[in-house]
Amino acid sequence: MQDTACRPAEPGCPVAAWVDAMTGFEQPAYVLALDGRFVWVNEACVGLFGRPAAELLRLRFQDLTHPDDHAGDRQRIGQLIAGEVRWLQVDKRFLRPDGRTVWVRLNVHRPWRDPAAAAPELAERLLVLAREIGLDDAGREALQRSERQLTLALEGSRAGSWDWNLQTDIVEYSAGFAQLLGYTGDDFHRDFRFQERLHPADRLRVLDAVHDALDGPHAFDEAYRLRRFDGRWRWFRGRGMAIRDAQGVARHFSGILFDWHDQRRQQLQLRRNERRMAHLARHDPLTGLPNRLLWNERLAAALAQAQRHGERLALLMLDLDRFKDVNDTLGHATGDALLAAVGARLRQRLREGDTLARLGGDEFVVLMRRLRDPSDAAALARDILEALASPWTSPRGHEIQTGVSVGIAVAPEHGTEAETLMGAADAALYRAKELGRGTFAYFTQELTQAAARRMELEARLRRAVREQRLALQVQPQFAFGTRVPCGGEALVRWHDDELGPVSPAEFIPVAEACGLIDAIGRWVLEQSTGIVAAWRRAGWRQARIAVNVSARQFSQGDLVTAVLGALDAHGLPGDALELEVTESVLIDPGAGAAAALARLRAAGVTIAIDDFGIGYSSLGYLHNLPVDTVKIDRSFVQGLGQPGSAGRLCAAIVAMAHHLHLGVVAEGVETAAQHDALQVMGCDRYQGYWQGGRPTEAMEVLACWRASRPT
């Protein structure tokens, strides 16, 4: 039988040559059109398929194929038709007319139409050499039995299966696999691409797991999302393994796919329940705050960290006043609602990093980390008292006025162990209740008194700032070798009606802590520029006044605008003002002081480092920062003329500053010996109590200048 598409008479036709060679061959051989039609068979095919040659030529090979092999055949034929491969080997099943199945190994080849052509094209025929590889009766029964069992198992579990031939890169999917994906077409293998339907968030994890299964001894077991053919994402679980040959090379990757959507939902719910149970084990169900168990863990961890880093922390123990009366008169439901409201109010008053917990009943505790000063705990206690002072309205409309008592303990002063610190806070709470409730107390009487003093200072200082009860004095500065003042330093003073005179060393830290320093600093700046303007109008043309600037003034407001505005308001040039800052302010990148001072220095304002020598005193940063003058701290000046290294330190500071072209001012000069020693060192200016250098009224400094200037 001849191939009508490629006549044997055509020279060089590979199909015709193959037909001639296979005509009398004992092994079954046949030629297929690309649509699967038999176009030529040899006599051996009659015995293989159990059908006469004339009948075979009216059929397609798909008509003889076992139903379970149709999907794989479509993939293989598709590769040959597309020209992706020219040869493949496959084991498959054919059905004979009596219903029996025969296993056959096929070698399929698609030749060139004309191999000698300059640009050869693939022929429109497939050349197939077949060999029966059937099993014996016992083997066939075992195979059929296992196939039935596998089919029943997959159908019973509503699972699908796949088999990936790693040599041909063909994947066969079961009908159950297509059903899981909601496929309703006629060619699942054409329309399904695993990676394209895999959820992007799962893709890397799943593909890595596949490679692990192929490269190593691990099985594949992953849950992932696939996009069904209705467009919805659904969770599935795939389990598979690599099938290896005798040399350990993976030849197939086979597995099953389950619908995992409901199980995934159950897993998530279980995890939520587990997290909720874990949360409830460590949190108070009424307020949502940490309970005693979690509190003990956090307190122990905080104490250990504080000891490692040399930090302070404070523990505040709170007890509601008259809470028992609320429970007894309005019921426990109202009491519970009150406790929840108290917890919410307390949360709003805490700093980030502080811990609030409810230990039980009406007992709350607060842990303050990284305490700068013990008095900061008193400031928080005051906030808590204010937060709970306002009435609370219950769900039934009852207005309840409650208060709180607070006991404070500080680590390490009052203990470094959790039990010790808790005991100290409890004792402090008992003392606060003895003081009349609605207040706070420290574990030690000294700290309680200091905190009370600080709170009183803050309240009275606020009123003094509001009512402008602060005053300004000026301490004159002198150049060495003359008694004529060359300027002065503005010093803020406060005399309270009840407290009397309050030292700046006491009220300035309070002002910085409570946020008043910016208002005070602006007031001092306005007053100081007014003073130096009056001096210059009186004929003191070179007069200059020095003003201290706090780190808070850089962070709380626009200092550059304030300074330039004050100078402009009085018609002053920049050199009429000298700003004094500490070393720590200059090197703190968060404060932004260096950039601000550079702008002011460009406007002519002089910049001085105050209290030089007691901070960092680094030549590296001093050389790079916008500085004109250094002021030697009084603690070094007081040591001049006495045994020790003060003289050498002062001389070194003067020499270093002059080497960097900086001026030097000595503070706290009180004796002739100190004055003379500094003059020998080459110090430029000084200020102190020696020979009328005490702080005084601004006009007194002007009078001193007038009296001592050369005529």
Side-chain angles (χ1 to χ4, degrees), residues 314 316 349 351 368 371-390 403-408 410 428 431-432 434-475 489-528 530-531 547-557 559 562 580 582 610 694-698:
L316 286 71
R349 297 296 178 128
R351 308 173 308 171
M368 294 183 68
L371 200 68
R372 293 176 302 177
D373 188 89
S375 60
D376 291 341
L380 177 59
R382 182 198 59 199
D383 286 347
I384 290 173
L385 294 175
E386 291 179 356
L388 301 184
S390 57
V404 65
S405 299
V406 183
I408 306 173
V410 178
R431 178 176 293 116
E434 284 184 333
L435 295 175
R437 299 178 181 270
T439 187
F440 70 89
Y442 281 88
F443 177 63
T444 57
Q445 188 66 23
E446 294 78 13
L447 281 177
T448 301
Q449 291 174 349
R453 166 76 174 182
R454 187 183 181 96
M455 290 181 64
E456 183 181 16
L457 278 177
E458 180 180 335
R460 302 189 73 83
L461 182 59
R462 287 185 182 277
R463 189 177 73 176
V465 172
R466 186 173 59 251
E467 298 177 358
Q468 296 189 356
R469 295 190 176 187
L470 299 178
L472 205 65
Q473 289 187 327
V474 178
Q475 184 172 37
E489 179 182 357
L491 303 173
V492 63
R493 296 291 185 257
W494 177 30
H495 187 284
D496 186 78
D497 294 341
E498 294 185 12
L499 302 177
V502 183
S503 168
E506 185 176 15
F507 74 79
I508 290 298
V510 173
E512 290 182 334
C514 69
L516 286 173
I517 193 64
D518 188 51
I520 294 175
R522 288 178 180 271
W523 179 84
V524 171
L525 182 62
E526 293 169 0
Q527 296 295 312
S528 299
I531 288 171
V547 176
N548 284 278
V549 180
S550 166
R552 296 294 180 93
Q553 290 178 257
F554 289 97
S555 59
Q556 291 182 354
L559 182 66
E580 298 185 4
T582 60
D610 197 16
R694 291 177 177 273
T696 184
E697 300 300 321

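Numbers here simply count residues along the sequence, with the first being 1.
When side chains are defined from C-beta on, Val549 does not count as touching Glu580, because their heavy atoms never get closer than 4.5 Å. Two residues are said to be in side-chain contact when any heavy atoms from C-beta on lie closer than 4.5 Å; Val492 and Phe507 meet this criterion. No side-chain heavy atom of Ile408 sits under 4.5 Å from any side-chain heavy atom of Leu380.
For the side-chain contact (heavy atoms from CB on, under 4.5 Å) test, residues two or more places apart in sequence or in another chain that qualify with Gln475 are Leu491, Gln687, Tyr689, Pro695. With sequence neighbours left out, Pro509 forms a side-chain contact (heavy atoms from CB on, under 4.5 Å) with no residue at all. A search for side-chain hydrogen bond (donor to acceptor under 3.5 Å, both in side chains) contacts involving Arg382 returns Glu458, not counting sequence neighbours. Annotation: side-chain contact (heavy atoms from CB on, under 4.5 Å) contacts of Arg460 (sequence neighbours excluded): Glu456, Arg463, Trp494, Asp496, Glu498, Leu499. With sequence neighbours excluded, the residues forming a side-chain contact (heavy atoms from CB on, under 4.5 Å) with Ile531 are Leu472, Val474, Trp535, Ile545, Ala698, listed by chain and number. By the side-chain hydrogen bond (donor to acceptor under 3.5 Å, both in side chains) test, Glu506 is found to be paired with Arg453, residues two or more places apart in sequence or in another chain being considered. Partners of Asp376 according to the side-chain hydrogen bond (donor to acceptor under 3.5 Å, both in side chains) rule, which considers only residues two or more places apart in sequence or in another chain, do not exist here. Thr439 pairs by the side-chain hydrogen bond (donor to acceptor under 3.5 Å, both in side chains) definition with nothing, not counting sequence neighbours.
For the pair Arg431 (side chain) and Gly407 (backbone), a donor-acceptor distance under 3.5 Å is absent.
Glu467 CD: more than 12 foreign heavy atoms inside a 6.0 Å radius.
Rounding to the nearest 0.5 Å gives a distance of 11.5 Å between CG of Leu516 and OG of Ser550.
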